[in-house]
Engineer: 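Below is the structure I would like to discuss, written out as structure tokens.
Heads up: numbering here begins at 1 and tracks the sequence.
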Amino acid sequence: MASKFINLLQPLTMGPLTLRNRIIMSALTRSRSVPTNVPNDINLEYYTQRARGGAGLITTEGTLICQQGHVIQVTEWQNAPGIWNQDQVVAWKRITDAVHTEGGLIFSQLWHLGRVSHPDAPEQKASGMPVYAPSAIAARGGKFRFLPGQPGYVTPVAVDDPRVLVDLYRQAAINAKEAGFDGVELHAANGYLVHQFLDSTSNKRTDVYGGSVENRARIGLEILRELVSVWGSKRVAVRLSPCGGYNDMGMPLQENIDTFRYFISQADVLDLGYICLVRYIPEFDPKIDGQHRATKHDVLKTYRPCIKKSLLLLNGSLTPEEANQLIAAKEIDAAAFGILWIGHPDLAKRIERGIPIDAKLDHKTFYGGGPQIPYEEQKKGYTDYPAARL
């Protein structure tokens, strides 16, 4: 064991689970579940590689809890995997079994897009459902490249009873358990559904799900309680990006801080497995109307005191050196790395053995190009980065 990273390499107990190290693979949308939304052999190879590469815990890419017209602001392609039907459950079971065979652990990140879906996207049309959100307020931006005219975001439909959305998360959690996952992470970051309810710029409701901080936090906390009822508290986690920016999110600084301090404190009362905080990332801070959109502040310093029972994971352009120091200082319990796992399927083993982290990344292949791309070409920039020779 390389003593330089001894803190990062220590095992970590999370309730009934023991992580073999504190090097977490963050959720990474890669859009490779072609031709539609069922995990395939390429996805199987990808996750198996990273389990073999020593990840302490793998968090899947955002996994849709119901059929939706998916968009990613960088590329606006489809083919994110789902977990709402039996075909998907069976496909994920192959992946979770493979991860476990390699000695790894894997959580499913449960994801609902909210207002950043599109009614004309094939998956959204097939669902027969409108694009739901807290309020009928469109996000600024977006570019659906797979639709004629490459349209942007549209005005969503304000959901009448948000409890129907809570039920979708509960069923997804049940499906994730059947699929063999070790737990679930609620995606409450990056301007998707739960974040839209939290943020007063996208939530103008006048019922118990809007207005005050407590009301805007309500649906996220209700979802977490449902997930806990299915899984037990230590197998449930939540991901938050308090700085916002991405997908047109962000409130005035004090309101932002008050909102997230409340939500994080209440989530921590549930004694979750972990709370993952995403710190400010310039690449996730688009300019809208000439102004950067994010509410930039020190996420770790601001919210660390709110977390007393759950583990704290930090994500956002961390280096192994910085992560090791933060763990040593007891500022965080583990580090969630994202991009470093793209080009280094054996990232944890490289850190352990002092092997350089030096892959030259092809940013054009971060996301899949759609179902029209030949199957074998989908592997490029996804499963073809080599592990180091040991």
Side-chain angles (χ1 to χ4, degrees), residues 27-33 36-38 59-85 88 108-147 150-159 162 164-173 175-176 184-199 201-203 209 219-220 223 238-241 244-249 278 284 286 367-368 370:
L28 291 160
T29 294
R30 306 299 307 278
S31 300
R32 293 308 205 288
S33 294
T36 53
N37 46 51
V38 178
T59 311
T60 69
E61 60 210 283
T63 303
L64 298 170
I65 64 170
C66 59
Q67 200 165 17
Q68 298 164 74
H70 174 236
V71 59
I72 287 293
Q73 275 194 348
V74 181
T75 62
E76 289 76 24
W77 293 117
Q78 50 238 14
N79 305 123
I83 195 155
W84 70 82
N85 67 37
Q88 294 158 347
S108 175
Q109 189 192 66
L110 304 183
W111 190 26
H112 191 295
L113 304 173
R115 67 178 182 172
V116 293
S117 184
H118 197 285
D120 293 332
E123 290 293 302
Q124 191 72 47
K125 291 175 75 172
S127 76
M129 301 297 288
V131 173
Y132 281 131
S135 302
I137 302 170
R140 292 169 291 178
K143 198 172 191 180
F144 291 76
R145 298 179 195 272
F146 59 88
L147 294 178
Q150 301 186 7
Y153 296 131
V154 300
T155 301
V157 174
V159 61
V164 302
L165 302 172
V166 179
D167 291 341
L168 292 175
Y169 280 98
R170 178 179 174 81
Q171 186 58 53
N175 293 349
V184 292
E185 179 187 276
L186 173 62
H187 193 347
N190 295 0
Y192 298 111
L193 182 73
V194 176
H195 197 176
Q196 291 163 26
F197 270 91
L198 276 171
D199 196 301
T201 68
S202 50
N203 181 354
Y209 291 98
I219 193 170
I223 292 167
V238 62
R239 177 180 176 88
L240 297 158
S241 55
Y246 193 71
N247 281 328
D248 197 10
M249 287 284 108
V278 184
F284 279 68
Y367 304 95

Engineer: Minimum heavy-atom separation for A158 and A136, please, with both atom names.
Structural biologist: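 Looking at all heavy atoms of both residues, the shortest contact is CB-N, 4.0 Å.
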Engineer: Are the side chain of R32 and the backbone N or O of R30 linked by a donor-acceptor pair below 3.5 Å?
Structural biologist: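 Pair found, side chain donor or acceptor close to backbone of R30.
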Engineer: If you take all heavy atoms of Q109 and T59, which pair is closest and at what distance?
Structural biologist: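 Closest approach of Q109 to T59: CB-CG2, 4.0 Å.
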Engineer: Can you tell me how far apart CD1 (I65) and CH2 (W84) are? Round to the nearest 0.5 Å.
Structural biologist: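 Spacing of CD1 (I65) from CH2 (W84) equals 10.5 Å.
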Engineer: Working to the nearest 0.5 Å, report the span between CD of Q196 and CG of N190.
Structural biologist: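 If I round to the nearest 0.5 Å, the distance is 11.0 Å.
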Engineer: Can a donor-acceptor pair be found between the side chains of N37 and Q88 at a distance below 3.5 Å?
Structural biologist: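 Per modelled atom types, N37 and Q88 side chains form a pair under 3.5 Å.
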Engineer: Distance check, rounded to the nearest 0.5 Å: T29 atom OG1 versus H187 atom NE2?
Structural biologist: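 Separation between the atoms: 6.5 Å.
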Engineer: Applying side chain to side chain contact (heavy atoms under 4.5 Å, CB included) to S108 and E185, what does each step give before you reach the verdict?
Structural biologist: CA-CA 6 Å; S108 175; E185 179 187 276; over 6 Å; no
Engineer: How about L198 and L240: do any of their side-chain heavy atoms sit closer than 4.5 Å?
Structural biologist: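 When only atoms from C-beta onward are counted, L240 and L198 do touch, with a gap below 4.5 Å.
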Engineer: Taking atom OG1 of T60 and atom CG of L110, what is their separation to the nearest 0.5 Å?
Structural biologist: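 Here the rounded value is 7.5 Å.
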Engineer: What's the shortest heavy-atom distance between S31 and E61, and which atoms?
Structural biologist: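 Distance-wise, the nearest heavy atoms are N-OE1, 4.1 Å.
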Engineer: Given side chains that start at C-beta, do those of Y169 and H112 come closer than 4.5 Å, heavy atoms only?
Structural biologist: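 Yes - at least one pair of side-chain heavy atoms lies under 4.5 Å apart.
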Engineer: Before giving the answer on side chain to side chain donor-acceptor pair (under 3.5 Å), spell out for Q171 and N175 the whole-Å C-alpha distance, their side-chain angles and the decisive distance to 0.1 Å.
Structural biologist: CA-CA 6 Å; Q171 186 58 53; N175 293 349; 2.9 Å; yes
Engineer: Tell me the closest heavy-atom pair linking P134 and S202, and the distance in Å.
Structural biologist: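 Taking every non-hydrogen atom into account, CB-O, 4.0 Å.
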Engineer: Using a 4.5 Å cut-off on heavy atoms from C-beta on, say whether the side chain of R239 contacts that of L186.
Structural biologist: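 Answer no - side chains too far apart.
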Engineer: Could you tell me whether the side chain of V131 reaches within less than 4.5 Å of the side chain of V157, counting heavy atoms only?
Structural biologist: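 In short, these two side chains do not touch, never coming nearer than 4.5 Å.
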Engineer: Do N79 and Y367 touch side chain to side chain, with heavy atoms closer than 4.5 Å?
Structural biologist: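 Not touching, per the 4.5 Å side-chain cut-off.
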Engineer: Just wondering, do F284 and S241 contact through their side chains at under 4.5 Å, heavy atoms?
Structural biologist: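 With C-beta onward as the side chain, the pair stays apart.
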Engineer: Between atom CG of L193 and atom OH of Y132, what is the distance when rounded to the nearest 0.5 Å?
Structural biologist: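 Here the interatomic distance stands at 12.0 Å.
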Engineer: When rounded to the nearest 0.5 angstrom, what distance separates SG in C66 from CH2 in W111?
Structural biologist: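 One gets 11.5 Å once the value is rounded to the nearest 0.5 Å.
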Engineer: Under 4.5 Å between any side-chain heavy atoms of L64 and I83, yes or no?
Structural biologist: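 In short, these two side chains do not touch, never coming nearer than 4.5 Å.
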Engineer: Where is the tightest heavy-atom contact between G191 and M249, given as atom of each residue plus distance?
Structural biologist: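 That would be CA-CG, 3.3 Å.
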Engineer: Looking at D199 and T201, what are the two nearest heavy atoms and their distance?
Structural biologist: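 For D199 versus T201, the nearest heavy atoms are OD1-OG1, 2.6 Å.
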Engineer: Can you check whether I219 reaches V166 side chain to side chain, under 4.5 Å on heavy atoms?
Structural biologist: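 They are in contact (side-chain heavy atoms under 4.5 Å apart), so the answer is yes.
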Engineer: Between the side chains of Y153 and D248, is a donor N or O closer than 3.5 angstrom to an acceptor N or O?
Structural biologist: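 Looking only at side-chain atoms, D248 and Y153 do not form any donor-acceptor pair under 3.5 Å.
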